[in-house]
2 protein chains.
Amino acid sequence: MNPARTDHRKAIRVVIAEDQGMVLGALAALLEIEGDIAVVAQARTGKEALEAVLGHKPDVFLTDIEMPEMTGLDVAAELKRRRAGTRVIILTTFARAGYLRRALDAGASGYLLKDMRAEELADAVRRVHQGLRVIDPELATEAWGEPDPLTDRERQVLRLAGDGMASGDIADQLSLSEGTVRNYLSEAISKLGAGNRVEAARIARTKGWL
Amino acid sequence: MNPARTDHRKAIRVVIAEDQGMVLGALAALLEIEGDIAVVAQARTGKEALEAVLGHKPDVFLTDIEMPEMTGLDVAAELKRRRAGTRVIILTTFARAGYLRRALDAGASGYLLKDMRAEELADAVRRVHQGLRVIDPELATEAWGEPDPLTDRERQVLRLAGDGMASGDIADQLSLSEGTVRNYLSEAISKLGAGNRVEAARIARTKGWL
DNA sequence: TCTGGCGGATGACATTTGTCACCGCGGCGC
DNA sequence: GCGCCGCGGTGACAAATGTCATCCGCCAGA
């Protein structure tokens, strides 16, 4: 099962980031079983992760997306900006085209879903370490779908509306007039083919456009 | 770290259920590391889990809540009904009082959150195996809070409304009149102290009342 | 300089939501 | 039998929401 019982000094060095402690520890255990992979640090927030990667300069950085303080996508983007040599694998629950696109833009080498079989993880790490790209097949095909029709304003407004905030309150928070908020919402609703703000927010969320 | 390097035939036998393959496998790896715990089966849906537990009669059943086909809570309730001797530990993302209450009603011996430290899991399994109860401290205190003020109808209506369905459509789906739907919604909104249906749905969800 | 687009705003209107008061019916306890 | 809930329903009304047409100021490109 372990293709290379290599000398431990040559092991692939990995940093893992994931906000749920239980999952974090479990993933580490999963990778540690492999003889050729060494988990050199674990992080529970985006900021911790960024520091860990900059400090340890691992070969591979495996990260969740939704974390406190910084998302995994933010961390990936920052690493790209700083030209840290580490390759990034995104590991997330969400099969959302928007997330995948942003991940690739942020220079990620891999995008895997948490409902893949656990056995495939170590292989993905090895592949990415060798310079290959690993994209979950389910996403790879459907992915290059629609390209997010929403403007920034529409996104902001929709996010708040989706949490149940009333038009007036949204207007206050964004320093817009209530009418304008309703206009944006109306635009978003029609762009997304929804029947009302709530449905629109739901659709946008599932597509990863937030 | 392993209190008992016990004879393997005496290992604590565990079945794990969790819909995300990656997490499932990782948790199994985490427990397998311990010398005194043996993972005898893994399941990715509630139904699979039920069959696995009935078939293997493990000492401990560790399960997620939200899974396809049957929730972990449903499985626990069914096991209680059938008087299967297996002790149940719920392992979930959600610190919701409503879930905990239902878990205990369903005879669960443990309720843990996925953001606990991974090291604590094996200990929790051992404790439960010895007949102790293990409840996440964060929940244990706050838990016996408010007791879900919603009626069944209000719950149904709120669920659909929270997904963006319009009053008329909800009425059709539940074979009620639109006015009645609005009445239920209004009741729910005031019971929950919300400002509108969406906020009400959000509140109910976070409390675990769905 | 003109023109077109974009962000933001208005006003008017139809529809949907949220609230309230009140009715009818079937149990259930007394 | 009587009263009283709980569930479902009506009707009416105010407020919030969704839709449109239109307008203004600004700035980039021809």
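Per chain, numbering begins at 1; letters A, B, ... match sequence-line order. Given the structure is predicted, the values throughout are model-derived calculations rather than measurements.
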Can you check side chain to side chain contact (heavy atoms under 4.5 Å, CB included) on B:Val134 and B:Ile89, steps first, answer last? CA-CA 8 Å; B:Val134 182; B:Ile89 301 178; over 6 Å; no
Do A:Glu48 and A:Arg44 meet the salt-bridge criterion of a basic N to acidic O distance under 4.0 Å? no
Please report, rounded to the nearest Å, how far the P atom of D:dT19 is from the CG atom of A:Leu185. 9 Å
Kindly give the heavy-atom pair with the smallest separation between B:Asp105 and B:Lys80, and that separation in Å. O-NZ, 3.0 Å
Contact summary for B:Gly208 and B:Arg96, nearest pair of heavy atoms: CA-CD, 3.4 Å
Between N or O atoms, less than 3.5 Å apart, protein on one side and nucleotides 27-29 of chain C on the other: list the pairs.
none

Determine whether a donor-acceptor pair (N or O, by modelled atom type, separation under 3.5 Å) exists between the side chain of B:Asn196 and the backbone of A:Gly164. yes
B:Ile90 and B:Leu73 have their tightest heavy-atom pair at CD1-CD2, 4.1 Å
Protein-nucleotides 20-25 of chain D N/O pairs closer than 3.5 Å?
from: D:dC20; atom 1: N4; to: A:Asn183; atom 2: OD1; distance (Å): 2.8

To the nearest Å, give me how far apart OH (B:Tyr184) and P (C:dG18) are. 17 Å
For a side chain to side chain contact (heavy atoms under 4.5 Å, CB included) check, start with the C-alpha distance between B:Leu50 and B:Leu79, then their side-chain angles and the critical distance, and finish with the verdict. CA-CA 8 Å; B:Leu50 183 58; B:Leu79 289 174; 3.8 Å; yes
Decide whether B:Arg153 and B:Gln156 meet the rule of one side-chain donor and one side-chain acceptor closer than 3.5 Å. yes
For DNA chain C, which residues of residues 151-175 of chain B approach it to below 4.0 angstrom with any heavy atom? B:Ala166, B:Ser167
Is a salt bridge present between A:Asp152 and A:Arg155, judged by a nitrogen-to-oxygen distance below 4.0 Å? yes
For the pair made of CZ in A:Arg182 and P in C:dC13, what is the distance, rounded to whole Å? 14 Å
Within the structure, does a side-chain N or O atom of A:Ser177 lie under 4.0 Å from either OP1 or OP2 of C:dG8? no
Could you tell me whether A:Arg126 and A:Asp123 make a salt bridge, using a distance below 4.0 angstrom between a side-chain N and a carboxylate O? yes
Hydrogens and angles aside, do A:Asn183 and A:Thr180 bring a side-chain donor and acceptor to less than 3.5 Å of each other? no
Nearest heavy-atom pair of A:Lys57 and A:Arg13: which atoms, and what distance? O-NH1, 3.3 Å
Dump every N/O contact between nucleotides 24-26 of chain C and the protein below 3.5 Å, one line per pair.
none

Side-chain polar contacts of residues 18-30 of chain B - donor-acceptor pairs under 3.5 angstrom, sequence neighbours left out - could you list them?
from: B:Glu18; atom 1: OE1; to: B:Lys114; atom 2: NZ; distance (Å): 2.9
from: B:Glu18; atom 1: OE2; to: B:Gln20; atom 2: N; distance (Å): 3.1
from: B:Gln20; atom 1: NE2; to: A:Thr93; atom 2: OG1; distance (Å): 3.2

Using 4.0 Å as the upper bound for N to carboxylate O, is an ion pair formed by B:Lys47 and B:Glu51? no
Gap between atoms CD and C1', on B:Glu178 and D:dG8 respectively (whole Å): 15 Å
For a quick check under 3.5 Å, do A:Gln130 and A:Arg127 share a side-chain donor-acceptor pair by atom type? no
Which residues, if any, of residues 190-201 of chain A bring a heavy atom under 4.0 Å of DNA chain D? A:Asn196, A:Arg197
